[in-house]
Chemist: 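Following this message is one structure expressed as structure tokens.
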Amino acid sequence: MSAVIPYISKPHPVTGVTNAKFGIWLFLASEVMLFGALFSTYIVLRVGAETWPHGSEYLSVPWAFANTVVLITSSLTMVMSWAALQMNNFAKYKKYMGATVLLSFGFLIIKYIEYSAKFHHGYFPANNTFLAIYFTMTGLHGLHVIGGIIVNGYLLFPGSKMWSTEPERFAGRVECAGLYWHFVDLVWIFLFPVLYLL
Amino acid sequence: MSSHHEEGFIRKYIFSTDHKVIGIQYGLGAMFFLLMGFGLMLMMRWQIAFPGKSIPFIGKLLTQDGILSPELYNQFGAMHGTIMVFLGVVPMAVGAFGNYLLPLQVGAQDMAFPKLNMASFWVFFVGGLVMLYSFLLPGGAAQSGWTSYPPLSNIAPAGQTAWLIGMVFLITSSLLGSVNIIVTAVQLRVPGLSFFRLPFLVWAQLVTSFLLLLAFPPLEAAGVLQLMDRVFGTSFFMPSGLVVSGQALEVSGGGNPLLWQHLFWFLAHPEVYVLILPALGIVAEIVATNTRKPLYGYNTAVYAIIFLGFMSFIVWAHHMFMTGMGTGMSAFFQATTMIISIPSVIVLTVLLLTLWGASIRFTVPMLFALAFLPMFAIGGLTGLPLGLTASDIYLHDTYYVIGHFHYVVAPGTLMALMGGVYHWYPKITGRMFNKTLGKLHFWGTFIGMNGIFAPMFFIGMAGVSRRLYDATIYEMARSVQPLNVIMTYSSWLLAAAQVLFLINIFASLRKPKEAAADNPWEATTLEWAAPTPPLPHQNFPEPLEAYRGPYEYNTTSREFAPQHLQEA
Amino acid sequence: MEAHSAEEMQRHVKTYFAVYIALLVLTVATVGVSYLHTTTAMHILAAMVVALVKGSLVAAIFMHLSNEKKIIVYSLVLTVTFFIAIMVIPVLVECEIFRYLDRMVS
Amino acid sequence: MNEPYGWWLPINISANGAPIDQLITTLHWFMVLLFIGWGIFFLYCLFRFRARPGHQADASPKHFRLPTYLEVGVALFEVFLLVFISYPIWSKVKNDMPSDEEAMVVRVTAEQFAWNIHYAGKDGIFGQTSPDLISPEDNNPIGLDRENDPNAKDDIISINVMHFPVNKKVKVYLSSKDVIHSFGIPVMRVKQDAIPGTVIPVWFEANKTGTFEIMCAQLCGVGHTRMRGEIHVDTEEEFQKWLQDEAQYLDEYSDAGQREDDSDV
């Protein structure tokens, strides 16, 4: 026995959105404030510091550039997986969603290479405020990527069974996961220049 | 629905997705923590009134000689604030009342995301456990005040780390809960229940949830940064050149302690409205029901709380007037602080003017709601001298501040919440509480609360700082020491009154169910249209529709016209 | 979500790929600019403008914000307002407090 | 008031304190007036509109003008307080800061749990300080460089006891070694947080002599309550005498230190 909740797969006639879509946007709104606070912290530290290193003094711009490309590509495959469902092409959905998950793993692997290079050189968060904010922001972003992998992995394998029973609801789920994933991409789009290039 | 199989005990009462069960879980959890926070306060009050005397009965359990040590005093102070705000009032106001009542008041079968709702409670539960566990850590629980200002909190014992981890859980729980409440209030209203037909409590919960949603993440960020400082030795909040007890701290420095204060108060000012808005909503419900007339100026009140919510985001630095602020910044924050007083006054006036021309039933919940009005007025008025920098120079961080915000949250919010418990008790349990005990509880609470908090204004006026373990070493504090004794005895009265409350709500459960308890107050909003208690996972046997505004008392030929009845 | 016809989706897919190419180009551009010799202020300006353009593209096209329902747009406008409020914190911290900064350690 | 301390504002010995006291008093009369008026109306409503047989609520829509006017009146009064009272007082406190020449300059460095009061000494120049030199054992709580900096040799450091002359502007440069403290002198109507990493100036001028208390107003740890300092508002002569005594003591102390060093060699 469970409650009957309306507007799970069909949008609300007045607001025009499903519950989940409204919910995920509200969640993203809170994420905006979370990362907003961190960017604010970055500015406070940078302006208050006597010297502030250029990102490339500590960090590897080529690896970060590669990671940016990886993440942007995963954003494309993510939106394409949703589009494939819209075109009723489940096989193509699987392909694109699989690519998204693989690319996300790629992002984490590159991040791992970067982190271990830092530790190898003796760069730790405690060294200075630049490295502190670098590790905090990219670490938190990395956790978001891991969260995305879990959600997308679920939608790729066990969760995709819903396509045969409630296709509309499933497409809605993929759309919400996509919104989250694009947000993770969007945060990186700001993190990349702020930490590596300035 | 047709497959009507019974749920097992665990699914039904522990890991339930039913908003009513979750609401009650929140309510019981919050009640436990409120009592615990209250207990901490009783012990601190003893030390303040009788410094260096051992605490009667339980003192020996805490320390060898039964005297509260300064370390324990600071722990109790920090944890009293934390527990009361984050584990007591918010879970009660938003978790319990929001969860239980909001779906009923909008006519829905459950919250929009029942599983998320369950997750929200269990994350809160874990956060509460972490906070409790922190008392057992070496060095004890957090002891840098509920505000946890660094660098003090950065160099505090391990309890502070547990505090931060606990806060991250509590914040996550609140975020999940607030998303749920907003989506439910917007999407799941039954047909005909337009925004301006919503009960005022739903509006209050909606605005509250937006505050939680957008103000909590900065504190989460700040919590993560402080965790980094404590665990990985970073210096987000540590400036260079710190020397603690003669030893230079081995940190890189370059951070800024004021950054924490900004991020903290960016949450903690809206948090004040998170505490007060649901209380206002509950009071509005009780007042409308027991005056037998519509709220005076419902629309005005709704616009006022929306404006209040918005403004609450841009007043935060008025907590920081003494941090070395110049004229420009303080002018801005004084102005916004004065502006935010206006919508509060409007809501209070709306409630007051509703009394005019009413037929006031002095039921137990109504007594609490009526007492809320002057208490909130005192809390609001005394904010005035604190909001102006000139008088704040003298009053900042004195007992006056404690008196001010306690008048808002203790005799204000807490009494409204108690009134809410009485008001909806018949709907939740199907039984009526004992009215005589209820009235005794009310008078004990009212006198006890005022006995505790009114003297604080005089102690603050005498210039005594807050959070002092033993103020009597100051000559200027000795003249007001008798007031502290009065306050301590008042706190015992308050404790005694709460015993009556607990007896009342738990003993009344043993009474037989009353058949006519579906709508004992003859109220109009949708929750009273449900059976008693509302059906599990379904609430209403038939889908409802709303045909009119929330408080149609004496406006038609009927004495009261419930929202769901088509004919009036 | 509204039903989309096959041709409509084909058009969308083309847009997605176009945005993808634009994002790649802009990424290359922002890295390129960072190697130019100019003032830090110019670097910050260029990097932020590029990031804003990229971010807007992702939000508008990939996240369909360009054609989103009012309730979501309003929620985000509210969020952006408070986002601006939180970005004011550095101004408050630096302008007001550090005016008095007179380091004891010199 | 004959007694310096009671259940209301304590004695005010500051030249800047009167307007603050006046504001607080005015505000409280205003608040009491509002609350009593409000309360009478409230109680009257409770009595007149109580439920009783034969009485029915009148739910016809009404519009009251008076509350709106009252609210506008209160709002205007708030604007008046803000613009004409609070802003000018704050601006005097912050912007009329005397220059280092016209005021007596003192550096106050807070620590857990004491106030280190640092006077420039005879030469009027503060010696260099450095956190590396801080050493409570060597009586050097603020890291004064007495070895290398000639300006530091005659600097006077007093712990928890602050002497200053009456009727003279005093400018305090406030800082902290460890955590945030708050330098509060209630009888002077002065309060300022001491924030590590920054130096914030505060100024005041006493108009009465006597001994009063400094109270830390920001939770600073286990000993927060013990962080009691004293101000001694002296006449000019008494103050000069105190300075001389301190300088003499310093000479004897450093001579003693010198002799110890010699004997080591």
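Naming: A, B, ... by sequence-line order, numbering from 1 per chain.
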Chemist: For D:Glu213 versus B:Glu475, what's the shortest heavy-atom pair and its separation?
Modeler: OE2-N, 2.6 Å
Chemist: For the residue pair D:Tyr87 and B:Thr327, establish whether any side-chain heavy-atom pair is separated by less than 4.5 Å.
Modeler: no
Chemist: Looking at chain D, which one of B:Thr354, B:Ile346, B:Thr147 has the largest number of heavy-atom pairs inside 4.5 Å, strictly under?
Modeler: B:Ile346
Chemist: D:Pro67 versus B:Leu353: any side-chain heavy-atom pair under 4.5 Å?
Modeler: yes
Chemist: Test side chain to side chain contact (heavy atoms under 4.5 Å, CB included) on D:Trp7 and B:Ile459 and set out the steps.
Modeler: CA-CA 7 Å; D:Trp7 285 16; B:Ile459 297 179; over 6 Å; no
Chemist: Quick check on D:Gln22: does its CD atom have over 12 non-hydrogen neighbours (other residues, nucleotides or ligands) under 6.0 Å away?
Modeler: no
Chemist: Tell me, for D:Leu34 versus chain B, whether the close heavy atoms (under 4.5 Å) come from the side chain, the backbone, both or neither.
Modeler: side chain
Chemist: Could you tell me whether a side-chain N or O of B:Ser479 sits under 3.5 Å from a main-chain N or O of D:Gly6, the two making a donor and an acceptor?
Modeler: yes
Chemist: Side chains of D:Trp38 and B:Leu348: does their closest heavy-atom pair fall under 4.5 Å?
Modeler: yes
Chemist: Step through the shown structure and confirm whether more than 12 heavy atoms of other residues, nucleotides or ligands are within 6.0 Å of CZ on D:Arg52.
Modeler: yes
Chemist: Do D:Lys191 and B:Asp392 make a side-chain contact, defined as non-hydrogen atoms from C-beta onward lying under 4.5 Å apart?
Modeler: no
Chemist: Are the side chains of B:Pro374 and D:Phe35 in touch, meaning some heavy atoms are under 4.5 Å apart?
Modeler: yes
Chemist: Is B:Ser341 in contact with chain D via its backbone, its side chain, both, or neither, using a 4.5 Å heavy-atom distance?
Modeler: side chain
Chemist: How far does CE of D:Met215 sit from CG of B:Asp397, to the nearest 0.5 angstrom?
Modeler: 12.0 Å
Chemist: Side chain from CB out, backbone as N, CA, C, O: work out which of these in B:Tyr474 comes under 4.5 Å of a heavy atom of chain D, or both, or neither.
Modeler: both
Chemist: Drop me the distance from B:Phe321's CZ to D:Asp193's CG, to the nearest 0.5 angstrom.
Modeler: 12.5 Å
Chemist: Return the CG to CD1 distance between D:Leu82 and B:Ile339, rounded to the nearest 0.5 Å.
Modeler: 9.0 Å
Chemist: Considering only heavy atoms, which portion of D:Leu66 lies under 4.5 Å from any heavy atom of chain B: side chain, backbone, both, or neither?
Modeler: neither
Chemist: Nearest 0.5 angstrom please: B:Ser465 OG to D:Leu219 CG, how far?
Modeler: 10.5 Å
Chemist: Just so I know, are the side chains of D:Asp178 and B:Pro151 near enough to count as touching, which here means a heavy-atom distance under 4.5 Å?
Modeler: no
Chemist: For B:Ile155, which atoms come within 4.5 Å of any heavy atom of chain D: side chain, backbone, both, or neither?
Modeler: side chain
Chemist: Does the pair B:Thr382 and D:Met31 meet the rule for a side chain to side chain contact (heavy atoms under 4.5 Å, CB included), with working shown?
Modeler: CA-CA 8 Å; B:Thr382 50; D:Met31 281 150 57; 3.8 Å; yes
Chemist: Of all of B:Leu483, B:Thr555, B:Thr349, which one pairs up most often with chain D through heavy atoms under 4.5 Å apart?
Modeler: B:Leu483
Chemist: With a 4.5 angstrom heavy-atom cut-off, could you sort out which part of D:Phe30 is near chain B: side chain, backbone, both or neither?
Modeler: side chain
Chemist: Quick one: are D:Ile195 and B:Leu258 in side-chain contact, heavy atoms under 4.5 Å?
Modeler: yes
Chemist: Let me know if D:Phe212 has heavy atoms under 4.5 Å from chain B in its side chain, its backbone, both or neither.
Modeler: neither
Chemist: Work out which heavy atom in D:Ile20 is nearest to a heavy atom in B:Ala390; give both atom names and the distance.
Modeler: CG2-O, 3.6 Å
Chemist: Before you tell me yes or no, could you show the steps for D:Val222 and B:Tyr73 under side chain to side chain contact (heavy atoms under 4.5 Å, CB included), namely the whole-Å CA-CA distance, both residues' side-chain angles and the distance that decides it to 0.1 Å?
Modeler: CA-CA 9 Å; D:Val222 174; B:Tyr73 177 85; over 6 Å; no
Chemist: Chain D heavy atoms under 4.5 Å from B:Pro150: which part of the residue, side chain, backbone, both or neither?
Modeler: backbone
Chemist: Could you tell me which of B:Leu373, B:Val244, B:Leu249 has the largest number of non-hydrogen atom pairs under 4.5 Å with chain D?
Modeler: B:Leu373
Chemist: Check whether more than 12 heavy atoms from other residues, nucleotides or ligands sit under 6.0 Å from atom CD of B:Gln247, and answer yes or no.
Modeler: no
Chemist: At a heavy-atom distance under 4.5 Å, which candidate from D:Ile185, D:Ile24, D:Ile134 has the highest pair count against chain B?
Modeler: D:Ile24
Chemist: Mind ranking D:Arg226, D:His224, D:Arg50 by heavy-atom pairs under 4.5 Å with chain B and telling me who comes out on top?
Modeler: D:His224
Chemist: Checking heavy atoms, do the side chain of D:Ser91, its backbone, both or neither come under 4.5 Å from chain B?
Modeler: both
Chemist: Taking all atoms of both residues into account, what is the closest heavy-atom pair of B:Arg467 and D:Gln218, and its distance?
Modeler: NH1-OE1, 3.9 Å
Chemist: Going by atom types alone, do D:Trp90 and B:Thr389 pair a side-chain donor with an acceptor below 3.5 Å?
Modeler: no
Chemist: At a 4.5 Å cut-off on heavy atoms, which part of B:Gln261 comes close to chain D: side chain, backbone, both, or neither?
Modeler: side chain
Chemist: Heavy atoms only, distances under 4.5 angstrom: which of B:Gly253, B:Ala477, B:Ser391 has the most pairs with chain D? Name it, please.
Modeler: B:Ser391
Chemist: In terms of heavy-atom proximity below 4.5 Å to chain D, should B:Phe237 be classed as side chain, backbone, both, or neither?
Modeler: neither
Chemist: Would you mind telling me which of D:Pro19, D:Pro186, D:Gly223 has the largest number of heavy-atom pairs within less than 4.5 Å of chain B?
Modeler: D:Pro186
Chemist: List the steps and the verdict of side chain to side chain contact (heavy atoms under 4.5 Å, CB included) for D:Lys177 and B:Leu242.
Modeler: CA-CA 6 Å; D:Lys177 275 158 66 174; B:Leu242 288 189; over 6 Å; no
Chemist: Please state whether the side chain, the backbone, both or neither of B:Ala331 comes within less than 4.5 Å of a heavy atom of chain D.
Modeler: both
Chemist: Is chain B contacted by the side chain of D:Val190, its backbone, both, or neither, given a heavy-atom distance below 4.5 Å?
Modeler: backbone
Chemist: Non-hydrogen atoms of chain D under 4.5 Å away: do they reach the side chain of B:Ala156, the backbone, both or neither?
Modeler: neither
Chemist: Using a 4.5 angstrom heavy-atom cutoff, name the option from D:Glu111, D:His28, D:Gln56 with the most pairs to chain B.
Modeler: D:His28
Chemist: Provide the closest heavy-atom pair for D:Arg189 versus B:Tyr394 in the form atom of the first, atom of the second, distance.
Modeler: CD-CD1, 3.5 Å
Chemist: Got a donor-acceptor contact below 3.5 angstrom from the D:Ser86 side chain to the B:Leu388 backbone?
Modeler: no
Chemist: Can you classify the ring geometry of D:Phe41 versus B:Trp356 as parallel (below 30°), tilted (30 to 60°) or perpendicular (above 60°)?
Modeler: parallel
Chemist: Quick one: what part of B:Asn554 sits under 4.5 Å from any heavy atom of chain D, side chain, backbone, both or neither?
Modeler: both
Chemist: Going from CD1 on D:Ile200 to CE on B:Met322, what distance comes out if it is rounded to the nearest 0.5 angstrom?
Modeler: 11.0 Å
Chemist: Hey, does B:Leu355 have a side-chain heavy atom less than 4.5 Å from the side chain of D:Phe49?
Modeler: no
Chemist: Which heavy-atom pair separates B:Leu384 from D:Leu27 by the least distance, and what is that distance?
Modeler: CD2-CD2, 3.8 Å
Chemist: Could you have a look at D:Ser135, D:Cys220, D:Gly184, D:Ser182 and say which one has the most heavy-atom pairs with chain B under 4.5 angstrom?
Modeler: D:Cys220
Chemist: Pick one of side chain, backbone, both or neither for B:Tyr553, based on which atoms fall under 4.5 Å of a heavy atom in chain D.
Modeler: backbone
Chemist: Between atom CD of B:Gln334 and atom CG of D:Leu81, what is the distance when rounded to the nearest 0.5 Å?
Modeler: 10.5 Å
Chemist: If you compare all heavy atoms of B:Ile473 against all heavy atoms of D:Arg228, which two are closest, and at what distance to 0.1 Å?
Modeler: O-NE, 3.4 Å
